[in-house]
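Written below as structure tokens is the structure these notes are about.
Only this structure's heavy atoms are used, side chains among them; waters, hydrogens and symmetry mates stay out. This structure is a prediction, so every number in the text was calculated from the model and none was measured. We number each residue from 1, following the sequence as shown.
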Amino acid sequence: MAILEVSHLEKQFGATQVLQDISFSLEKGQALSIIGASGSGKTTLLRCLNFLEKPDGGSISVAGTTIFSAEDSPAQYERDIRTKRLHFGLVFQNFNLFPQYTALQNITLARELLAKEHGGESHASIEAAGRALLEQMGLADRADHYPYQLSGGQQQRVAIARALALQPDILCFDEPTSALDPELTGEVLRVIRTLAEKRTTMIIVTHEMAFARDVADRLIFMDGGVIVEQGDPHQVIDHPRCERTRQFLARYAEES
Ligand SMILES: Nc1ncnc2c1ncn2[C@@H]1O[C@H](COP(=O)(O)OP(=O)(O)OP(=O)(O)O)[C@@H](O)[C@H]1O
Ligand SMILES: [Mg+2]
């Protein structure tokens with residue numbers, strides 16, 4: 001059974017249809033890359049999955065349970081919205097760390113708040129889990145650093161650890177390296193590659209074409225709010241079936 005099933009998702013802003021009939025599924029342990037031109041709707045799709053934007057049509061199911069349906073009443077949409085959000089983690093282009101908290105606090109904060117509300121986990125166990133995540137990101141010695149004391153690549157690795165701390169079913173990345181200098185891109189891509197090797201279920205929006213192809217099990221090419229082509233990453237990137245995909249990749253190759 002698919003861990004994620006997106007069916008006929010629609011989103012408009014005013015008169016602009018930004019997502020049209022978006023349907024795809026993702027198996028547990030798989031990585032999905034999404035590529036597409038600027039404005040094609042990639043961020044909007046991730047924001048819809050993370051309940052940061054409310055779609056106008058379609059449905060979203062996680063592990064067989066429908067967590068969003070456009071048929072739902074506003075009250076049904078709002079009900080348990082924080083729990084529904086926990087199915088997904090989101091790593092942003094600009095890291096979005098809390099500047100007033102250390103690396104470790106950034107990672108543990110949400111879990112501390114959940115423990116405070118619902119009881120259960122001790123402070124010591126949350127902190128130990130946070131330190132283990134920092135270690136996994138190669139940042140064990142940066143636990144007490146504030147974001148301004150970290151490089152962009154280090155900040156993004158803290159942001160990845162923060163997203164992982166809540167153990168989401170699906171981890172989403174929105175252009176995780178596009179705000180980084182080229183020499184810092186590699187360290188973040190390496191971390192994402194390691195997560196893929198560990199079979200972390202992920203959706204990765206990226207402009208790094210070779211990375212999108214090599215790290216993912218599936219790939220989607222979006223244009224103008226629709227999925228133009230989806231399938232095996234090597235097939236789509238190296239042997240695209242659709243003319244629009246070919247044009248996008250050719251233009252991209254020229255620019256980079
Ligand atoms: N809150 C909003 N209100 C109105 N229009 C919006 C809003 N958010 C996005 N849009 C529009 O929706 C379209 C898709 O935007 P989106 O940010 O999803 O594209 P994208 O594929 O992520 O682009 P990029 O590669 O530049 O990040 C764009 O035309 C954008 O202007
Ligand atoms: Mg975007």
Any side-chain heavy-atom pair from [X] and [Y] closer than 4.5 angstrom?
| X | Y | answer |
| --- | --- | --- |
| Met209 | Phe248 | yes |
| Asp238 | Arg213 | yes |
| Glu117 | Glu112 | no |
| Leu150 | Arg142 | yes |
| Asp56 | Phe13 | no |
| Ile160 | Leu164 | yes |
| Ile220 | Ser33 | no |
| Ile227 | Phe24 | yes |

Return yes if some donor-acceptor pair links the side-chain N/O of [X] with the main-chain N/O of [Y] below 3.5 Å, else return no.
| X | Y | value |
| --- | --- | --- |
| Glu229 | Phe221 | no |
| Lys28 | Ile170 | no |
| Gln156 | Gly153 | no |
| Glu71 | Gly58 | no |
| Ser122 | Ser125 | yes |
| Ser151 | Gln154 | yes |
| Gln149 | Tyr146 | yes |
| Ser25 | Glu5 | no |
| Arg162 | Ile107 | no |
| Tyr252 | His207 | yes |

Rounded to the nearest 0.5 Å, how far does [atom2] of [Y] lie from [atom1] of [X]?
| X | Y | atom1 | atom2 | answer |
| --- | --- | --- | --- | --- |
| Met202 | Asp217 | CE | CG | 8.5 Å |
| Leu184 | Arg157 | CG | CZ | 8.5 Å |
| Glu175 | Thr206 | CD | OG1 | 7.0 Å |
| Leu249 | His239 | CG | NE2 | 12.0 Å |
| Glu53 | Thr44 | CD | OG1 | 6.5 Å |
| Thr66 | Asp72 | OG1 | CG | 8.5 Å |

Show, in sequence, the C-alpha distance, side-chain angles and deciding distance for Gln17 and Glu10, and conclude whether the side chain to side chain donor-acceptor pair (under 3.5 Å) test is met.
CA-CA 8 Å; Gln17 188 80 29; Glu10 309 271 338; 2.8 Å; yes
Give me the atom names and distance for the closest heavy-atom approach of [X] to [Y].
| X | Y | value |
| --- | --- | --- |
| Val215 | Ile192 | CG2-O, 4.5 Å |
| Lys54 | Lys11 | O-NZ, 2.8 Å |
| Pro168 | Ala163 | CD-O, 3.2 Å |
| Leu133 | Ala161 | CD1-O, 3.5 Å |
| Ala212 | Ala216 | O-CB, 3.3 Å |
| Ser23 | His8 | OG-N, 2.8 Å |

What residues form a salt bridge (charged side-chain N to carboxylate O under 4.0 Å, His left out) with Asp144, not counting sequence neighbours?
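Checked Asp144 against salt bridge (charged side-chain N to carboxylate O under 4.0 Å, His left out); zero matches.
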Salt bridge (charged side-chain N to carboxylate O under 4.0 Å, His left out) with Glu135: which residues, sequence neighbours excluded?
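Expected list: none.
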May I have the step-by-step check of side chain to side chain contact (heavy atoms under 4.5 Å, CB included) for Arg193 and Phe211, ending in yes or no?
CA-CA 9 Å; Arg193 202 181 288 275; Phe211 181 73; 3.5 Å; yes
Quick check: is [Y] connected to [X] through a chain of hydrophobic side chains (ILVMFWY, heavy atoms under 4.5 Å apart)?
| X | Y | result |
| --- | --- | --- |
| Val191 | Phe92 | no |
| Val228 | Ile237 | yes |
| Ile204 | Leu46 | no |
| Leu189 | Ile35 | no |
| Val205 | Phe88 | yes |

For Arg190, does the CZ atom sit with more than 12 other heavy atoms under 6.0 Å from it, leaving out its own atoms?
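No.
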Run the numbers on Asp174 and Lys42 for salt bridge (charged side-chain N to carboxylate O under 4.0 Å, His left out), then give the verdict.
CA-CA 8 Å; Asp174 193 2; Lys42 306 178 299 295; over 6 Å; no
Any chance you could lay out the side chain to side chain contact (heavy atoms under 4.5 Å, CB included) test for Cys48 and Leu19, step after step, and finish with the verdict?
CA-CA 10 Å; Cys48 286; Leu19 297 178; 4.1 Å; yes
Working for side chain to side chain contact (heavy atoms under 4.5 Å, CB included), residues His145 and Leu104:
CA-CA 8 Å; His145 284 56; Leu104 182 61; over 6 Å; no
When Leu45 is tested against each of Asn50, Leu9, Ile203 for side-chain contact (heavy atoms from CB on, under 4.5 Å), which residue passes?
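Output: one option passes, namely Leu9.
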Is the closest side-chain donor-acceptor distance between Glu127 and Thr108 under 3.5 Å?
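Their side chains do not contain a donor-acceptor pair, so the 3.5 Å distance test is not met.
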Under 3.5 Å, is there a donor on one side chain and an acceptor on the other for Gln235 and Arg241?
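There is such a pair (donor and acceptor under 3.5 Å, judged by atom type) between the side chains of Gln235 and Arg241.
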Go through the steps for Gln136 and Leu195 under the test side chain to side chain contact (heavy atoms under 4.5 Å, CB included), then give the verdict.
CA-CA 10 Å; Gln136 197 184 322; Leu195 291 173; 3.9 Å; yes
Relative to each other, are the rings of Phe68 and Phe51 parallel, tilted or perpendicular (30° and 60° limits)?
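Rings of Phe68 and Phe51: perpendicular, over 60°.
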Parallel, tilted or perpendicular, as decided by the 30° and 60° cut-offs, for the rings of Phe98 and Tyr101
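Answer is perpendicular, since the angle exceeds 60°.
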